[in-house]
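The structure appears below as structure tokens.
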Amino acid sequence: MMTSKERMLTALRGGKPDRLPCTVHQWMPYHLENYMGGMDQIEAFRHFGMDAAVTDGSLYFYRETPDWDDRIVSSKTVDEVITQHHEVTTPGGKLTYVYCCSAQTGWYAEHMIKEPEDIYLFRDYYPRMGI
């Protein structure tokens with residue numbers, strides 16, 4: 001059996017590898033619990049013969065800083081969707097966005113970057129995790 005690197009090099013040379021690498025960017029906990037018998041991410045990748053690509057969800061969270069004040073107002077709809085209205089105050093101005101989530105998944109209903117200059121507020125003030 002070929003390694004992932006050998007498969008990719010074979011495909012790039014126009015050859016026929018034993019299979020092409022395949023993955024998904026994440027497994028939703030709801031899907032794993034309700035459709036995959038409660039298996040974890042690694043088990044699900046193995047089950048389908050995919051290459052594992054596991055991201056730690058905590059990478060998406062940031063530490064609090066005085067330059068990024070995120071005020072959140074939450075509400076819940078009849079169909080159990082939680083909506084979070086965010087207003088971020090930075091020394092250079094304000095940003096707003098809306099995040100929603102249900103038992104199945106989460107999504108952005110309104111993105112933070114609305115005007116070209118908003119990217120500079122994000123660049124200059126978004127608090128990154130120190131590694």
Sequence neighbours left out, what passes salt bridge (charged side-chain N to carboxylate O under 4.0 Å, His left out) with [X]? Give chain and number order.
{"X": "E33", "result": "none"}
{"X": "D69", "result": "R71"}
{"X": "R46", "result": "none"}

Kindly give the heavy-atom pair with the smallest separation between [X] and [Y], and that separation in Å.
{"X": "T89", "Y": "K94", "value": "OG1-CE, 3.7 Å"}
{"X": "S74", "Y": "Q84", "value": "OG-CG, 3.4 Å"}
{"X": "W68", "Y": "F122", "value": "CH2-CD1, 3.9 Å"}

Check whether [X] and [Y] end up in the same hydrophobic cluster, where Ile, Leu, Val, Met, Phe, Trp and Tyr are linked by side-chain heavy atoms less than 4.5 Å apart.
{"X": "V24", "Y": "M39", "value": "yes"}
{"X": "Y126", "Y": "Y108", "value": "yes"}
{"X": "L32", "Y": "I42", "value": "yes"}

Quiz prompt | side-chain hydrogen bond (donor to acceptor under 3.5 Å, both in side chains) involving T77 - partner list, sequence neighbours excluded | solution = D79
Exercise. On the 0 to 90° scale, with breaks at 30° and 60°, tag the W27-F45 ring pair as parallel, tilted or perpendicular.
Key: perpendicular
Self-check item: Parallel, tilted or perpendicular, as decided by the 30° and 60° cut-offs, for the rings of Y97 and H86
Solution: parallel
Exercise. Hey, could you give me the NZ/SG distance between K76 and C100, rounded to the nearest 0.5 Å?
Key: 13.5 Å
Let me have the donor-acceptor pairs involving side chains of residues 109-121, under 3.5 Å, with sequence neighbours excluded, atom names and distances please.
from: E110; atom 1: OE2; to: T96; atom 2: OG1; distance (Å): 3.2
from: E110; atom 1: OE2; to: K114; atom 2: NZ; distance (Å): 3.0
from: K114; atom 1: NZ; to: T96; atom 2: O; distance (Å): 2.3
from: K114; atom 1: NZ; to: T96; atom 2: OG1; distance (Å): 3.1
from: K114; atom 1: NZ; to: H111; atom 2: O; distance (Å): 2.8
from: D118; atom 1: OD2; to: K114; atom 2: N; distance (Å): 3.0
from: D118; atom 1: OD2; to: E115; atom 2: N; distance (Å): 3.0

Quiz item: With a 4.5 Å limit on heavy-atom distance, are the side chains of D70 and V88 in contact?
Solution: yes
Self-check item: Residue pair M36 / F48, side-chain heavy-atom distance below 4.5 Å
Solution: yes
Self-check item: side chain to side chain contact (heavy atoms under 4.5 Å, CB included) partners for P29, two or more places apart
Solution: none
